[in-house]
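Order of listing sets the numbers, starting from 1, for every ligand and every atom in it. Nothing here was measured: the structure is a model prediction, and the numbers come from that model.
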Amino acid sequence: MELSSEMWKHLPYLYAHPGIISSVEEVARIKAEGYQQVFVKTENSDGQSDEERLDHLIRQREETPLSTPRTPFSEAIKTASVTYESAMTYAMRIVNDAKLGRKIDYDTAVETASAIVDSAVSNPDTLVCLSKLSSFDNYTYTHCINVAAIAVVFGEFIGMSRDDLILLGTAGMMHDLGKTTVPSRIVNKPGRLTKFECEEMKRHPVYGRTILSKNRAIPSKVLVAVRAHHEKFNGTGYPDGLTRKDIPAFARILCLADIYDALTSDRCYKHAILPNKALGIMYGMRDQDFDPTEIQLFIKCLGIFPSGSFVRLNTGNYALVFESNAQQPLYPKIKVIMDKQMRPIKAWDIDLSTQNPEAPDSVEITECADPSDYRQNLMEFMLPQ
Ligand SMILES: [Fe+2]
């Protein structure tokens, strides 16, 4: 702060201490008292910035995997489905509000993100599974929720605080709201975008921040993450071409979740890529799009066969992965649901990690299968009957 010694005597000591300034009126009052500059403090109560904290968590998690007791999938999936559905309703509402120029409802965002965090803590595989198998098929809305859910699952995996997870989930739900400002003929164009269309599309993170800024209750961490969710590790991203050290922590996580969901979703111009292949592609994007350590941990978090993967077994039967196994990624928990001809059979569960691999009847995953070959809603197999 810049202030004359004369002023110092008259100023209330409040402003000599850090605090939150939450209204335009307050800014005007401070200006009227003669202050010309302020320092904006971005570090947290533990003295670390978000970026330092993320680096610290990632280093820690590389060495010691977090082992949190989880609620069994079959129990946790009921609550997670309800959460996912209400998150979808919220996503529809904010996309509509953004289109109409209305203020974005932040209180419901916090409630929704808190429920997503609860599910991630209870059993993260439920959210990963729902993000791939839920029957909602409108990409605009499912993508908002999937990015929020996957980002929160990863944040929880590396040990982020609950408060940060809620902000991260909120940023995930809101990350693409700026697309509502881009003409829909560009957003939904099935073919290649022209140079002009591409430039316009690349403005959506900036538009998103502008939309969210109308609600002053939305924290700056969310605004900053939304603006930077397309920045890349090597500086070739947009809108600011930031490099690794300058990309905000939340934006780096959103970017991982965003690309994973985009690759594994059906779009008007491409078919969904299988989850394990998508992770392989993302690993190939290390040093360009992603920090190599962060993408490795992301893969560790989701597993070689992420929850919701449809797989073929050495027995010829087909199964769904419902719980990944961070310690033994090739041996997740699976639900056998179809015979060799892909006809539904009475389902049963197998924990592949508890089998003796030498036993002649041991079951193994031979490959990931394409669920789009089979048009039934696979999520029905995962929900309690
Ligand atoms: Fe985006």
**Prompt:** What N, O or S atom of D176 is found closest to the Fe ion (ligand 1)?
**Reply:**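 Output for this pair reads OD1.
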
**Prompt:** Which atom, counting only N, O or S, brings H204 closest to the Fe ion (ligand 1)?
**Reply:** NE2

**Request:** Answer yes or no: are there more than 12 heavy-atom neighbours, outside E85 itself, under 6.0 Å from its atom CD?
**Result:** no

**Asked** To the nearest 10°, what's the angle at the Fe ion (ligand 1) between atoms NE2 (H229) and NE2 (H230)?
**Response** 90°

**Message:** Run the ring-ring contact (aromatic ring centres under 6.0 Å, His included) test against F233 and tell me which residues pass, sequence neighbours left out.
**Reply:**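 ring-ring contact (aromatic ring centres under 6.0 Å, His included) check on F233 returns nothing, list empty.
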
**Prompt:** Does Y238 have any ring-ring contact (aromatic ring centres under 6.0 Å, His included) partners at least two apart in sequence or in another chain, and if so, which?
**Reply:**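 Scan of Y238 (ring-ring contact (aromatic ring centres under 6.0 Å, His included), adjacent residues dropped) gives H230.
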
**Prompt:** Quick one: do D370 and K277 make a salt bridge, cutoff under 4.0 Å?
**Reply:** no

